[in-house]
Amino acid sequence: MSSRPSPSSPLEQEIEEMGRRARQAALRLPLCSTDSKNAALLALAEAIEAEQTAILAANEIDLAEGQSKGLSAAMMDRLALDPQRLRKIAQDVRDIAQLPDPVGETLEEFTGADGIEIRKVRVPIGVVGILYESRPNVTCDAAALCLKSGNATILRGGKEAIHSNRALAAALQRGLEGTEMPTDAIQLVSHTDRESVRHLCQLSEFLDVLIPRGGQGLIRAVTSMATMPVLKHFDGICHMYLDASADPQMAVDLVDNAKTQRPGVCNALETLLVDQAVAHSFLPKIAERLWEKGVELRGDAATREILGSKIIPATEEDWRTEYLALILSIRVVDGLDMAVEHINRYGSRHSDAIVSTDPKRAALFQTAVDSSAVFWNTSTRYNDGGCFGFGAEIGISTDKLHARGPCGLKELTSYKYLVKSEGQTRH
């Protein structure tokens, strides 16, 4: 029997009923074959493309409202859909269908006391709640990943994308019709008020985990209210350290890519650290490239001395800021140890990189920096489920338990032990 009090409002009652249906769906999903799940995913992709006109029309409403509310360029970019992005979303769903099914995978097999046979196997988590802000693609990514990994999901997007999310969720529901999957495996909370978040956070009877994707405000609110585990995706305050041995042209190209290829995402570069031994030769070339791309540079005293008055003085707050825009803070550091100390002090344990031709120094950096992914001669933009071969990701966890870094299918599973014997009894 549940110890939860009866719902006190129609909204709470509605969300509890969604949780109840999701739990029933989650009990059925582990019994579905891989072929059945893949067929359902292909049906979802077809439904997304079939409903393109309705989805893009809904997105236009969100974009117009976002423009009138003065959303930032980064937020508008995250919100926007077009035929190309929609095709990419559908293709991501198809790609997930091609990935190996993690459910049922044997992780360990061994013999225990008295000869009992023990097998540790992957199983779905159960019901996954996803709370996210202005990215409508998360609606499809999360639903598809959860379905392939045998989980039911309850989606709750932000008000900025509510029309897009409703249209996408309706397409997904239609896609499930006629497949062997329960339609309640994918549900969308159509309300955007904060009370809906609070009710989801208290639904531990039906939800096994919550995954918030968005700004610190959302994540901290969910973490403080949740009565079930939370898989957190905090800020992406990403660093790149240019070692004294770095190849100059590689350094310029990597900084450019990490900062400007798509500045409004969590794995974009926010702070550049440059070894003082190469600062005078590297910084002018880097600044020239970035200024051509419209990047605003903020630097410490040493950086301003090299690059001049065009550089805005960096404050203590700059080292702690995820800009999600064409802004980069720069600090000249006295060697690798100082770079590591800066990253571990100001970073968000997301994505950090070293550019170096010295394998020993690169290995030391990768060992000492405490982040979900630490790169050597590689852009931070590669911290991504697609780039790692996971398919569309559910997010990039900055936690250490239960998952860290890009969260794909395997990170949406738990495990259980299957034990067999010939009637052994314990003495």
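- Counting only distance, with no hydrogens or angles, the side chain of R304 and the backbone of P313 share no donor-acceptor pair below 3.5 Å.
- Side chains of S149 and N151: a donor-acceptor N/O pair is present below 3.5 angstrom, by distance only.
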Q: Start with the C-alpha gap between R298 and E296, add the side-chain angles, then the distance that decides, and say whether salt bridge (charged side-chain N to carboxylate O under 4.0 Å, His left out) holds.
A: CA-CA 7 Å; R298 303 178 183 183; E296 175 187 302; 2.6 Å; yes

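- Heavy atoms of other residues, nucleotides or ligands lying less than 6.0 angstrom from CG of L401 number 12 at most.
- In terms of heavy atoms, L145 sits closest to F390 at CD2-O, 4.4 Å.
- Using a 3.5 Å distance cut-off with no hydrogens or angles, the side chains of H191 and E14 do pair a donor with an acceptor.
- Within the model, atoms OG of S356 and CH2 of W376 stand 7.0 Å from one another, a figure rounded to the nearest 0.5 Å.
- Going from atom OG1 of T179 over to atom CG of N38 covers 12.0 Å, rounded to the nearest 0.5 Å.
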**Q.** Worked check of side chain to side chain contact (heavy atoms under 4.5 Å, CB included) between R20 and F206
**A.** CA-CA 6 Å; R20 196 181 309 279; F206 302 115; 3.6 Å; yes

Q. Can E51 and R174 be said to form a salt bridge (charged side-chain N to carboxylate O under 4.0 Å, His left out), step by step?
A. CA-CA 10 Å; E51 297 296 329; R174 280 192 285 274; 3.4 Å; yes

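- The two residues L203 and I15 come nearest to each other via the heavy atoms CD2-O, 3.6 Å.
- Residues M240 and L273 have side chains not in contact (no heavy-atom distance under 4.5 Å, counting atoms from C-beta outward).
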**Q.** Step-by-step side chain to side chain contact (heavy atoms under 4.5 Å, CB included) determination, D247 to V355
**A.** CA-CA 8 Å; D247 176 88; V355 184; 5.8 Å; no

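- The local environment of CD in E292 is crowded, with over 12 non-hydrogen atoms from other residues, nucleotides or ligands closer than 6.0 Å.
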(Q) As a quick check of understanding, evaluate salt bridge (charged side-chain N to carboxylate O under 4.0 Å, His left out) for K400 and D370, giving each step before the final call. (A) CA-CA 10 Å; K400 293 187 178 181; D370 183 19; 3.3 Å; yes

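- Salt bridge D141/R135: absent, no basic N to carboxylate O contact under 4.0 Å.
- Atom CD of E180 is surrounded by 12 or fewer heavy atoms from other residues, nucleotides or ligands within 6.0 Å.
- Across all their heavy atoms, G129 and L207 have their closest contact at CA-CD2, 3.9 Å.
- Under a cut-off of 6.0 angstrom, the local environment of NZ in K285 is sparse, with at most 12 non-hydrogen atoms contributed by other residues, nucleotides or ligands.
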Q: Applying side chain to side chain donor-acceptor pair (under 3.5 Å), run through D318 and T315 and close with a yes or a no.
A: CA-CA 5 Å; D318 281 305; T315 66; 3.3 Å; yes

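- A donor-acceptor distance shorter than 3.5 angstrom exists from the side chain of K259 to the backbone of I327, with no hydrogens or angles considered.
- The side-chain heavy atoms of F110 and E108, taken from C-beta on, include a pair separated by under 4.5 Å.
- A donor-acceptor contact shorter than 3.5 Å is absent between the side chain of T153 and the backbone of Q187.
- At least one donor-acceptor pair closer than 3.5 Å links the side chain of S397 to the backbone N or O of A403.
- Between atom NZ of residue K159 and atom CG of residue N165 there is a gap of 13.0 Å, rounded to the nearest 0.5 Å.
- By the 4.0 Å N-to-carboxylate-O rule, D77 lies close enough to R262 to be salt-bridged with it.
- At least one donor-acceptor pair closer than 3.5 Å links the side chain of S9 to the backbone N or O of E12.
- Between the side chain of D62 and the main chain of S164, a donor-acceptor pair closer than 3.5 Å is present.
- Side-chain atoms of K148 come within 3.5 Å of backbone atoms of A97 as a donor-acceptor pair (strictly under, hydrogens ignored).
- Side chain to side chain, R404 and S372 fail the donor-acceptor criterion of an N or O pair below 3.5 Å.
- Around CD of Q91, the count of heavy atoms belonging to other residues, nucleotides or ligands within 6.0 Å exceeds 12.
- Between K69 and E160 there is no salt bridge, since none of the side-chain N atoms of the basic residue sits less than 4.0 Å from a carboxylate O of the acidic one.
- The shortest non-hydrogen separation linking A314 to D300 is CB-N, 4.2 Å.
- A side-chain donor-acceptor contact under 3.5 Å links S224 to the backbone of A221.
- Counting heavy atoms of neighbouring residues, nucleotides and ligands inside a 6.0 Å radius, atom CD of Q261 exceeds 12 of them.
- No more than 12 heavy atoms of other residues, nucleotides or ligands sit less than 6.0 Å from atom NZ of K88.
- With sequence neighbours left out, T192 forms a side chain to side chain donor-acceptor pair (under 3.5 Å) with no residue at all.
- Ionic pairing of R23 and D208 is present here: one or more N-O contacts between side-chain nitrogen and carboxylate oxygen are shorter than 4.0 angstrom.
- Note: H342 and Y346 have tilted aromatic rings, judged against thresholds of 30 and 60 degrees for the angle between ring planes.
- A side chain to side chain donor-acceptor pair (under 3.5 Å) with S351 is found for exactly one of N383, T398, D384, namely N383.
- We find the CD1-OG1 distance between I312 and T303 to be 13.0 Å, quoted to the nearest 0.5 Å.
- The shortest distance between side-chain heavy atoms of S196 and R156 falls below 4.5 Å.
- Remark: the backbone N or O of I237 is not paired with any side-chain donor or acceptor of D235 at under 3.5 angstrom.
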Q: Would you check, one step at a time, whether the test salt bridge (charged side-chain N to carboxylate O under 4.0 Å, His left out) holds for E109 with K420?
A: CA-CA 11 Å; E109 198 164 5; K420 174 187 174 185; over 6 Å; no

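- Within the 3.5 Å criterion, the main-chain N or O of Y323 finds no donor-acceptor partner in the side chain of T321.
- From R345, atom CZ reaches atom CE of M338 across 10.0 Å, with rounding to the nearest 0.5 Å.
- No side-chain heavy atom of E105 sits under 4.5 Å from any side-chain heavy atom of V121.
- Here the closest non-hydrogen pair linking L172 and A143 is CD1-CB, 3.9 Å.
- In this structure, A43 and G175 approach most closely via the heavy-atom pair CB-O, 3.4 Å.
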Q: Decide side chain to side chain donor-acceptor pair (under 3.5 Å) for Y382 and N267; before the verdict, give the C-alpha distance in whole Å, the side-chain angles of both, and the deciding distance to 0.1 Å.
A: CA-CA 8 Å; Y382 280 101; N267 54 18; over 6 Å; no

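- Remark: I286 CD1 to I330 CD1 distance equals 7.0 Å, nearest 0.5 Å.
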(Q) Evaluate Y241 against D352 for side chain to side chain donor-acceptor pair (under 3.5 Å), listing each step before the verdict. (A) CA-CA 8 Å; Y241 167 57; D352 299 293; over 6 Å; no

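- A salt bridge links E195 with R198; the closest basic N to acidic carboxylate O contact falls under 4.0 Å.
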Q | Step-by-step side chain to side chain contact (heavy atoms under 4.5 Å, CB included) determination, V103 to T34 | A | CA-CA 9 Å; V103 177; T34 299; over 6 Å; no

